[in-house]
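In what follows, a structure is listed as structure tokens, so that the remarks can point back to it.
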Amino acid sequence: MSDHLLQVEGLVKHFPVRGGALNRIVSQVQAVNGVSFTVRRGEVLGLVGESGSGKTTVGRLVLRLEDTTAGKVVFDGTNVLDLSKRDLRRFRKRMQIIFQDPYASLNPREKVRTVIGHALALHGIGTPASRPDRTVELIEQVGLSAAHLDRFPHEFSGGQRQRIGIARALAVNPDFLVADEPVSALDVSIQAQVINLLSDLKEELDLTMLFIAHDLAVVEHICDRVAVMYLGKIMEIAPSNALYRTPNHPYTEALLSAVPVPEPGRQRKRTVLSGDIPSPIDPPSGCVFRSRCPRAEAICAEEVPHLKKVGPDHFSACHLTT
């Protein structure tokens, strides 16, 4: 059995842009451009980057919620992209998602009991007589009580709704979770509670997780490794401690410099990037980060950098790295 539960190879997703009187394809949005990574069993891999970097699209491609343009997604030895609809449903039990928006991801017309019960019934888990007890176990596992099961989503706070979403994802006993910015819509005071819950569940259930976020401060305490994305490509991937202690890529350095320092009076040297993230319809030649990189040289415009090893399990896509 391989140590890697998930292997993503050369993942590409281009969205067509249509225009003109005949509504023809006139261009392509290059949302994901050759992304490769692995997730080990029992590991949490963080996927971070600015809005528009393509990280949510990667998560949806891994679960086959979007069709891929090219690449492979191998889950436990099976290429998910080759599965028929019937076989894909079987894999859905093993691969689940926690959505970003707890307000939009729950049916406002259904009580919590029904929301969670649908997942159990759809995948044939348990019997009609045993499912109510299982529903109580799930809601209590995420820090709520059985009394909450007969309420509607609008009766809960944002943090409570996200806990319900987590319970729904766990209902089918998955091996792998995609957590798509699960705390970005929550108050800062609630974010830590949800992060701690996910961390506890990861240890308790031996979950493997792809944790997507735009805030490096959020992923530091839950992720074993972190991959940094920019404009559809991975710039750097490393163990969490190494990435935060010795970032190698200038984009990672800039992101980390923007993370607030919790100690009063202590300041971090800021790396301010010029301009905005370029359009994925027409990304820069060579290194896609070169147009904002403070250290860019001529080679950066001519050649696409590939991930190369710069330390133990530490890879960086930069021509100037050592």
Side-chain angles (χ1 to χ4, degrees), residues 44 51 55-57 59-60 62-66 88-205 207 209-215 218 222:
V44 178
S51 296
K55 53 192 185 299
T56 290
T57 303
R60 294 180 63 85
V62 165
L63 296 177
R64 228 177 95 173
L65 298 177
E66 297 274 2
L88 183 61
R89 172 171 286 194
R90 177 171 53 86
F91 266 80
R92 292 272 189 242
K93 288 178 64 175
R94 303 188 62 191
M95 306 168 71
Q96 287 289 302
I97 185 169
I98 301 169
F99 293 100
Q100 175 180 357
D101 188 351
Y103 299 92
S105 62
L106 301 176
N107 189 332
R109 297 182 179 88
E110 293 181 344
K111 293 181 179 180
V112 173
R113 184 184 303 278
T114 306
V115 169
I116 299 175
H118 274 330
L120 297 171
L122 180 64
H123 292 281
I125 297 174
T127 64
S130 67
R131 285 169 193 156
D133 290 338
R134 175 58 178 155
T135 304
V136 172
E137 291 176 9
L138 287 163
I139 203 68
E140 291 179 345
Q141 196 170 34
V142 297
L144 299 177
S145 70
H148 291 108
L149 289 171
D150 292 311
R151 298 182 186 177
F152 290 95
H154 73 268
E155 299 179 79
F156 295 93
S157 67
Q160 289 173 321
R161 291 183 198 184
Q162 195 60 288
R163 289 173 185 266
I164 295 166
I166 294 170
R168 179 179 57 184
L170 296 176
V172 294
N173 300 312
D175 299 313
F176 177 73
L177 281 179
V178 172
D180 182 15
E181 302 207 39
V183 298
S184 65
L186 306 179
D187 293 340
V188 174
S189 59
I190 306 299
Q191 289 183 1
Q193 297 177 22
V194 175
I195 291 293
N196 290 336
L197 171 63
L198 288 171
S199 183
D200 292 342
L201 290 172
K202 180 246 182 183
E203 297 297 330
E204 180 183 342
L205 303 176
L207 289 172
M209 197 181 310
L210 178 66
F211 191 98
I212 299 169
H214 63 266
D215 187 348
V218 168
I222 190 173

If you apply the rule side chain to side chain donor-acceptor pair (under 3.5 Å), what do you find for Q100 with S184, and how did you get there?
CA-CA 7 Å; Q100 175 180 357; S184 65; 3.1 Å; yes
Here the gap from L63 atom CG to L177 atom CG, rounded to the nearest 0.5 Å, amounts to 9.5 Å
Quick check: do P132 and L149 have side-chain heavy atoms less than 4.5 Å from each other?
no
Residues L210, F176; criterion side-chain contact (heavy atoms from CB on, under 4.5 Å); working and verdict
CA-CA 8 Å; L210 178 66; F176 177 73; 3.8 Å; yes
Is the shortest side-chain heavy-atom distance between Q162 and I98 below 4.5 Å?
yes
Which pair of heavy atoms, one from A146 and one from V136, lies closest together, and at what distance?
CB-CG1, 4.0 Å
Given the rule in the side-chain contact (heavy atoms from CB on, under 4.5 Å) test, do V218 and E181 qualify, once you have shown the distances and angles that lead to the verdict?
CA-CA 10 Å; V218 168; E181 302 207 39; over 6 Å; no
I need the Q160 CD to I190 CD1 distance, nearest 0.5 Å.
8.5 Å
Could you tell me whether the side chain of R94 and the main chain of V172 form a donor-acceptor pair under 3.5 Å?
no
Pair R134, I125 - check side-chain contact (heavy atoms from CB on, under 4.5 Å), show working.
CA-CA 10 Å; R134 175 58 178 155; I125 297 174; 5.6 Å; no
From I212 CD1 over to R60 CZ, what is the distance, rounded to the nearest 0.5 angstrom?
10.0 Å
Check: I195 main-chain N/O paired with S199 side-chain donor or acceptor under 3.5 Å
no
For L106 and P153, the nearest pair of non-hydrogen atoms, with its separation, is CB-CG, 4.0 Å
Using a 3.5 Å distance criterion without hydrogens, assess whether the side chain of Q141 forms a donor-acceptor pair with backbone atoms of A167.
no
Identify the heavy atoms of Y103 and G158 that sit nearest to each other, and give their distance.
OH-CA, 3.6 Å
Are L198 and V183 side-chain neighbours, meaning at least one heavy-atom pair lies under 4.5 Å?
no
Side chain proximity check, D150 to R113, heavy atoms < 4.5 angstrom:
yes
Distance-only, no hydrogens or angles: does the E155 side chain make a donor-acceptor pair with backbone N or O of F152 under 3.5 Å?
yes
So if I apply the side-chain hydrogen bond (donor to acceptor under 3.5 Å, both in side chains) rule between H118 and each of H123, R168, E110, which one comes out positive?
E110
For G59 against V178, the heavy-atom pair lying closest together:
CA-CG1, 4.1 Å
Under 4.5 Å between any side-chain heavy atoms of L170 and L207, yes or no?
yes
Heavy-atom distance under 4.5 Å between the side chains of V112 and F156, does that happen here?
yes
Which value, rounded to the nearest 0.5 Å, describes the distance between I166 atom CD1 and L138 atom CG?
12.0 Å
Qualifying residues under salt bridge (Lys or Arg N to Asp or Glu O under 4.0 Å), relative to K202, sequence neighbours excluded:
D224
For the residue pair R64 and M95, establish whether any side-chain heavy-atom pair is separated by less than 4.5 Å.
no
Starting at CG of L144, measure out to CZ of R161 and round the result to the nearest 0.5 Å.
12.5 Å
So I164 and V142, do their side chains get closer than 4.5 Å, heavy atoms only?
no
Please round to the nearest 0.5 Å and tell me the distance separating atom NE2 of H148 and atom CZ of R163.
10.0 Å
Start with the C-alpha distance between L122 and R89, add both sets of side-chain angles, then the distance that settles side-chain contact (heavy atoms from CB on, under 4.5 Å), and finish with yes or no.
CA-CA 10 Å; L122 180 64; R89 172 171 286 194; 4.1 Å; yes
Shortest non-hydrogen separation from L186 to P102 and the atoms involved
CD2-CG, 4.1 Å
